[in-house]
J.: 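Okay, handing you the structure first.
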Amino acid sequence: MTQTSIQSQEHHKRPGNLLAQDFYAREALVVARELLGAFICKDDIVLRITEVEAYRWPGDSASHGRFGKTARNEALWGPAGHAYVYICYGIHAMLNLVTNEEGEAAGVLIRSCDVVHGLEAVLKRRRAQSDPMLLAGPGKVGQALALSKSDSHHPLFAPGGIEVRRGARANKILTGPRVGIDYSDEKDRLAPWRFALADARAVTARHALK
DNA sequence: CACAGGATCGTT
DNA sequence: ACGATCCTGTGT
């Protein structure tokens with residue numbers, strides 16, 4: 001076997017273990033906090049989750065579930081532990097991890113990540129220089145992973161494709177209101193449902209967190 | 001079938 | 001502060 005073929009078969013060890021489906025089958029607020037520090041893996045790319053938001057229907061006028069089940073948001077109503085990817089402003093692919101029980105439209109939006117592995121591929125897709133804020137923002141995370149809405153329904157607890165793996169427990173967590181939901185009721189606009197790792201660089205609108 | 005607007009981002 | 005860019009959900 002040649003040197004190049006050996007290298008091409010070499011896979012880096014992926015961190016942690018796959019998070020099981022029942023990890024996701026709990027309240028979005030609980031799952032959101034515990035997802036901080038976890039790893040998202042796809043192909044050769046490994047990202048560490050640094051910022052998330054919880055959305056939950058019923059009871060949350062900011063949630064995509066607010067209009068009921070539609071073709072677009074169907075995955076959000078399905079069983080926990082699957083992906084819900086939607087296109088925002090016609091451009092950005094936003095990754096959510098479905099939580100709660102089937103029949104509730106709840107999930108966690110992945111807002112920011114650090115790149116743990118596969119920086120070259122991420123830089124190419126982002127067309128950017130290396131930067132601690134490289135993946136600060138949900139559209140950037142979607143771009144790094146080359147997501148599209150056809151990734152909706154993908155099981156994140158099963159090996160292959162996009163996987164989510166357990167990370168270190170969060171040291172300190174910052175909390176604050178969610179971003180970009182001016183259309184929602186005041187109670188939901190102000191609800192502290194955004195979470196970030198206090199010691200992470202890649203976090204959006206940090207001033208609004210504490 | 002028209003229309004308003006969006007869980008954003010990069011530039012000005 | 002604004003335009004990109006397109007699809008969704010709503011109203012007629």
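In what follows, chains carry the letters A, B, and so on, assigned in the order in which the sequence lines appear, proteins first and then strands, with residues in each chain numbered from 1.
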J.: Hey, which sits more toward the 5' end of DNA chain B by its nearest nucleotide, A:K140 or A:I181?
T.: A:I181
J.: Nearest whole Å is fine: how far is B:dG6 P from A:R189 CZ?
T.: 12 Å
J.: Please report the distance, rounded to the nearest Å, between CG in A:L109 and C1' in B:dG6.
T.: 13 Å
J.: Rounded to the Å, how far apart are A:D182 CG and B:dA4 C1'?
T.: 16 Å
J.: Do the side chain of A:R125 and the main chain of A:A144 share a donor and acceptor less than 3.5 angstrom apart?
T.: yes
J.: What is the distance, rounded to the nearest whole Å, between atom OH of A:Y55 and atom C1' of B:dG6?
T.: 12 Å
J.: When both hydrogen-bonding distances must be under 3.5 Å and the geometry is Watson-Crick or G-U wobble, what is C:dC2 paired with, if anything?
T.: B:dG10
J.: Are side-chain N/O atoms of A:D114 and A:T50 paired as donor and acceptor at under 3.5 Å?
T.: no
J.: For B:dT8, take OP1 and OP2 only and decide whether either is under 4.0 Å from a side-chain N or O of A:R111.
T.: yes
J.: Could you check how far CE of A:M94 sits from P of B:dC9, rounded to whole Å?
T.: 6 Å
J.: In whole angstrom, what separates A:Q129's CD from B:dG10's C1'?
T.: 16 Å
J.: What are the two closest heavy atoms between A:Y55 and A:V179, and how far apart are they?
T.: OH-O, 4.2 Å
J.: Which base sits across from C:dT10 as a Watson-Crick or G-U pair, both distances under 3.5 Å?
T.: B:dA2
J.: Kindly say whether the aromatic ring centers of A:H153 and A:Y84 come within a distance under 6.0 Å.
T.: no
J.: Whether the side chain of A:R166 engages the backbone of A:N17 through a donor-acceptor N/O pair (distance < 3.5 Å, no angle test) should be reported.
T.: no
J.: If I pick the P atom on C:dC2 and the same atom on B:dG5, what distance separates them, to the nearest angstrom?
T.: 16 Å
J.: Checking all strands, does A:R127 fall into the base, sugar-phosphate, or nothing category for heavy-atom contacts under 4.0 angstrom?
T.: nothing
J.: Check the distance between B:dA7's C1' and A:L95's CG and give it to me in whole angstrom.
T.: 12 Å
J.: Output yes when a side-chain donor or acceptor of A:Y86 lies under 3.5 Å from a complementary backbone atom of A:K149, and no otherwise.
T.: no
J.: Starting at CD of A:E163, measure out to NE2 of A:H154 and round the result to the nearest 0.5 Å.
T.: 7.5 Å
J.: Rounded to whole Å, how long is the line connecting atom CG of A:L147 with atom P of B:dT8?
T.: 16 Å
J.: Reading nucleotides 3-12 of chain C 5' to 3', which nucleotides get B (base under 4.0 Å from a protein heavy atom), which S (sugar-phosphate only), which -?
T.: -BBB-SSS--
